[in-house]
Visitor: 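Structure provided below as structure tokens; questions to follow.
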Amino acid sequence: MNLSYLLNAKGRMIMIKITLKGGVIKEYEAGITVAEIAKELGAGLYKASCAAKINNQVVDLRTPVNEDCELAILTFNEVDGKKAFWHTASHILAQAVTRLYPNTKYAIGPAVDNGFYYDFDVEKPFTAEQLAAIEKEMTSIVKSGLEIERFELDVPAAKELMKDQPYKLELIEKHAGQGEKMSFYKQGEFVDLCAGPHLMSVAAIKAFKLTSCTGAYWHGDSTKPMLSRIYGTAFPKASELTEYLTAVEEAKKRDHNVIGRQLKYFCNSDLIGQGLPLLMPKGTKLFQILNRYVQDKEEYEYGYVMTKTPLMAKSDLYKISGHWDHYKDGMFVLGDETKDKEVFALRPMTCPFQYQVYLSEKHSYRDLPIRYGETSTLFRNEASGEMHGLIRVRQFTISEGHLVMRPDQLEQEFRNCVKLLQEIMTDIGLIGDLSYRLSKWDPNDREKYIGTPEMWDEAESLMRDILDHMGMEYTEAVGEAAFYGPKLDVQIRNVHGKEDTLVTVQIDLMLARQFGMTYTDADNTQKHPYIIHRTSLGCYERTIALLLEKYAGALPMWLSPEQVRILPIGDAQSEFARGVLKKLNAAGLRCTMDERNEKIGYKIREAQLEKIPYMLVIGDKEIEANSVAVRSRRDGDKGVMTVEDFIAMAVKEVTEKVK
RNA sequence: GCUUGUAUGGCUCAGUUGGUAGAGCAGUUCAUUCGUAAUGAACAGGUCGUCGGUUCGAAUCCGACUACAAGCUCCA
């Protein structure tokens, strides 16, 4: 290897200045590797090092440093350190699998948010039973402490090395045009085409666990073959692994799909069908509370007017809107196009319906914006494997709205939509769990979208500008837009870590043209309005699911279907207790009474398990003092107070929406 | 739609190598009127998701379908 570039004119080693964390500058000979620097800085740091950043670029520990730079050694405590750690774990997994199942073709194995996976092409997909054996093999690999070497090959040599690995060949082919060399990592007999970075040896992956196995399409493309994916996670210390696994188990206990059924918020019926949950009385009450809250807020604070439009329409409507061409697979079509004179379809979105309301009269620029709101039930024929509790269903009700406006009003209206949704998310307590995503179209997949590239560029840059003006933090995602325009998607994770869109605000410059929607401007010309499609609370079913998970079923007082339960000790207190019940109901509190002939401990246990915020125990002592003994589900016995004091306290908790 | 699992009384689960089902909770009835997370007893409740196959015999083995779970794809 020719290292002459590391020498100066006099043939002496060039010294370079490296700025470390905290601004410390150290001098090293050019060509020193990051790992050597880490070792020089301290054995502990070297042992913990996973990767590094040179001038803010993530690099492998083996990277030679040839010029002055800023250097940060990354350990498992940094995100990119974790990624390298997990990526190395995925190689150990692949090595174990290829040892146990020599005919395996291996595809890709990256780090993900909380661990790693590796995709394999095997004759029979892996099942959970096989994971233990694979883990055992992984353990022996880790114990062997194999060093991990990195090397590079040109394309022909890379292809020769990977000649038995079709997926790797495909990846090499994909990168071949870029003129770069292919990098490989080798640990013992196992070699993988891989961009890295990786740890120096397999020995650090002490605590790991294979968590699940499942199918996954090659390149995430459902037309490609399905591979067998194994998920796992790993940590530097066993205690951290245990902690993580315990946290995952704890999170699953909050699963709305479990507690929502347990607490009788919803159920399903085989006879009714998949993705069609039934809201039970408690779920319906919660729906009603949220719905009234949203409708009032939109009408009285944000200037919305309400519509109530049909749940279905003739195919003609969807042909104009573009749904027939772009969304038909997702719709429930009633009738047979080839035979019936008229074919109807249940609506998958509200937009074209509210547009018809707009179109029913002439509009002046002075009338705008018009903000249409609707508690709108929608129907989407999701593929059978996609349903999930209340989060993904075939019929759902959304806090829907369409704002029709002049272009000059767009920014203000958009800002108000975001403000509204943030106020609502603050009130219900989910604000801290949200992330924002600008969902853009995919210019390489024109089929999926209507409109011209110019219109898309305009709509997307309008949205980006507004978001930037607002100082919002957001990510951008290609190919996530609606077929008619870009979206600001408000994302949230469920207990399984899966991300879904909770709320969306969309800019639509296209559909007004399709439908011939106009207003008369000040210069007496007809113009197409801009439209914002938006939700505020999102869809009720999904939001209810996330609320149940957030609070593990113990909803805040203002959202609780049953806020107070009165528990008389015996029949003797019934009359007094009924009087208390009346007063509480009159104060607007959702209150019931448990008059059953049961012991007080039994009644308390039930109310506690049902997560009723307050229990009022009434015995002779309370009657005598004209009071109630208050027990909170959170703090237990809170002592005795007068009915009036309790009402004042409870009402305050409701009005202030205490979490 | 795809991959892997799962499916036993309202709920949570047992059911050993195939010999037509068992518990706890919930329910009903009776007794108990009780002070901060389960009073006691008795009774009732299931052709083991559906359909078909193998077998003298199927909850148990095989197949198809339906539903549920996690993941992939898709999506609010």
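In what follows, chains carry the letters A, B, and so on, assigned in the order in which the sequence lines appear, proteins first and then strands, with residues in each chain numbered from 1.
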Visitor: Name the nucleic acid region contacted by A:Gly538, choosing base, sugar-phosphate or nothing; use a 4.0 angstrom heavy-atom cut-off, strictly under.
Guide: nothing
Visitor: Report which part of the nucleic acid A:Lys487 touches: base, sugar-phosphate, or nothing (heavy-atom distance under 4.0 Å, all strands).
Guide: sugar-phosphate
Visitor: Would you mind reading off the distance between A:Met349 atom CE and B:rC75 atom P, rounded to a whole angstrom?
Guide: 9 Å
Visitor: Answer yes when A:Lys638 and A:Asp635 have at least one side-chain N-carboxylate O distance shorter than 4.0 Å, and no when they do not.
Guide: yes
Visitor: When rounded to the nearest Å, what value does the distance between C1' atoms of B:rA44 and B:rG57 take?
Guide: 30 Å
Visitor: Suppose we define a pair by two distances each less than 3.5 Å, Watson-Crick or G-U wobble; what does B:rC74 pair with here?
Guide: none
Visitor: Identify whether any heavy atom of A:Ser222 sits under 4.0 Å from a base atom; if not, whether one sits that close to sugar-phosphate; answer base, sugar-phosphate or nothing.
Guide: sugar-phosphate
Visitor: Measure the distance from NE2 on A:His388 to P on B:rC75 and round it to the nearest whole Å.
Guide: 18 Å
Visitor: Please produce a list of atom pairs where a protein N or O lies less than 3.5 Å from an N or O of nucleotides 23-30 of chain B.
Guide:
residue: B:rA26; atom: OP1; partner: A:Tyr602; partner atom: OH; Å: 3.0

Visitor: Taking B:rC51 as the reference, what is the distance to B:rA37 when you measure between their P atoms (whole Å, please)?
Guide: 48 Å
Visitor: If you restrict it to nitrogen or oxygen atoms, what contacts under 3.5 Å exist between nucleotides 59-66 of chain B and the protein, and what is each distance?
Guide:
none

Visitor: Pair A:Glu480, A:Trp441 - check side-chain hydrogen bond (donor to acceptor under 3.5 Å, both in side chains), show working.
Guide: CA-CA 6 Å; A:Glu480 296 288 344; A:Trp441 78 319; over 6 Å; no
Visitor: Could you let me know what B:rG18 is paired to, Watson-Crick or G-U wobble, both distances under 3.5 Å, or none if it's on its own?
Guide: none
Visitor: If you look at every strand shown and take non-hydrogen atoms under 4.0 Å, does A:Gly220 touch a base, only sugar-phosphate, or nothing?
Guide: sugar-phosphate
Visitor: Which value, rounded to the nearest 0.5 Å, describes the distance between A:Leu93 atom CG and A:Tyr118 atom OH?
Guide: 8.5 Å
Visitor: Among residues at least two apart in sequence or on other chains, which ones pass salt bridge (charged side-chain N to carboxylate O under 4.0 Å, His left out) with A:Arg392?
Guide: A:Glu382, A:Glu386
Visitor: Taking N and O atoms by type only, does the side chain of A:Arg261 place a donor or acceptor under 3.5 Å from a partner on the base of B:rC11?
Guide: no
Visitor: So what does A:Arg380 hit on the nucleic acid, given a heavy-atom distance under 4.0 Å: a base, only sugar-phosphate, or nothing?
Guide: base
Visitor: OP1 or OP2 of B:rA69 versus the side-chain N and O atoms of A:Asn257: is any pair under 4.0 Å?
Guide: yes
Visitor: With both distances under 3.5 Å as the test, what is the Watson-Crick or G-U wobble partner of B:rU12?
Guide: B:rA23
Visitor: Let me know the distance between CZ of A:Phe126 and P of B:rC72, rounded to the nearest Å.
Guide: 18 Å
Visitor: Would you please confirm or rule out a distance under 4.0 Å between OP1 or OP2 of B:rG71 and any side-chain N or O of A:His496?
Guide: no
Visitor: Any strand is fair game: report the nucleotide pairing with B:rU60 by Watson-Crick or G-U wobble, both distances under 3.5 Å, or none.
Guide: none
Visitor: If the cut-off is 4.0 Å, is A:Lys224 near the phosphate of B:rU73, judged by side-chain N/O to OP1 or OP2?
Guide: no
Visitor: Measure CZ/A:Arg493 against C1'/B:rA76 and give the value in whole Å, please.
Guide: 17 Å
Visitor: How many Å lie between CG on A:Leu227 and C1' on B:rG71, as a whole number?
Guide: 13 Å
Visitor: Go ahead and name the base partner of B:rU47; Watson-Crick or wobble counts if both distances stay under 3.5 Å, otherwise write none.
Guide: none
Visitor: Go through B:rA38, B:rU4, B:rA76 for me and flag the one nearest to the A:Arg542 side chain.
Guide: B:rA76
Visitor: Work out how far the C1' atom of B:rA59 is from that of B:rG49, and round it to whole angstrom.
Guide: 12 Å
Visitor: Under the side-chain hydrogen bond (donor to acceptor under 3.5 Å, both in side chains) rule, collect the residues that match up with A:Asp620, sequence neighbours excluded.
Guide: A:Gln573
Visitor: Tell me whether the count of non-hydrogen atoms from other residues, nucleotides or ligands lying under 6.0 Å of CZ in A:Arg292 goes above 12.
Guide: no
Visitor: Tell me which nucleotide, if any, is Watson-Crick or G-U wobble paired with B:rA7 when both distances must be under 3.5 Å.
Guide: B:rU66
Visitor: Give A:Glu480 one of three labels, base, sugar-phosphate or nothing, depending on what nucleic acid heavy atoms sit under 4.0 Å from its own.
Guide: nothing
Visitor: Going by the angle between their ring planes, with limits at 30° and 60°, are A:Tyr318 and A:Trp324 parallel, tilted or perpendicular?
Guide: parallel
Visitor: Separation of A:Lys253 atom NZ from B:rU12 atom C1', in whole Å?
Guide: 15 Å
Visitor: Which part of the nucleic acid, if any, lies within reach of A:Ser384 when heavy atoms closer than 4.0 Å are counted: base, sugar-phosphate only, or nothing?
Guide: base
Visitor: Taking any heavy-atom pair under 4.0 Å as a contact, classify A:Ile391: base, sugar-phosphate, or nothing.
Guide: base
Visitor: Taking only residues two or more places apart in sequence or in another chain, which ones pass side-chain hydrogen bond (donor to acceptor under 3.5 Å, both in side chains) with A:Asp329?
Guide: none
Visitor: So what does A:Lys603 hit on the nucleic acid, given a heavy-atom distance under 4.0 Å: a base, only sugar-phosphate, or nothing?
Guide: nothing
Visitor: What orientation do A:Tyr484 and A:His533 show, parallel under 30°, tilted 30 to 60°, or perpendicular over 60°?
Guide: parallel
Visitor: Donor-acceptor pairs under 3.5 Å, side chain of residues 429-436 of chain A to any protein atom, not counting sequence neighbours: which ones?
Guide:
residue: A:Asp433; atom: OD2; partner: A:Lys550; partner atom: NZ; Å: 3.0
residue: A:Tyr436; atom: OH; partner: A:Gln422; partner atom: NE2; Å: 3.0

Visitor: Looking at every strand, decide which applies to A:Gln130 at a 4.0 Å heavy-atom threshold: base, sugar-phosphate, or nothing.
Guide: nothing
Visitor: Quick one: do the A:Gln295 and A:Thr375 side chains pair a donor with an acceptor below 3.5 Å?
Guide: yes
Visitor: Look at all strands and tell whether A:Cys213 reaches a base, only sugar-phosphate, or nothing, counting heavy atoms closer than 4.0 Å.
Guide: nothing
Visitor: Measure from OH on A:Tyr118 to P on B:rG71 and round the result to the nearest Å.
Guide: 23 Å
Visitor: To the nearest angstrom, how far is A:Glu499 atom CD from B:rC74 atom C1'?
Guide: 15 Å
Visitor: In the strands shown, is B:rU39 matched to any nucleotide by a Watson-Crick or G-U wobble pair with both distances under 3.5 Å, and which?
Guide: B:rA31
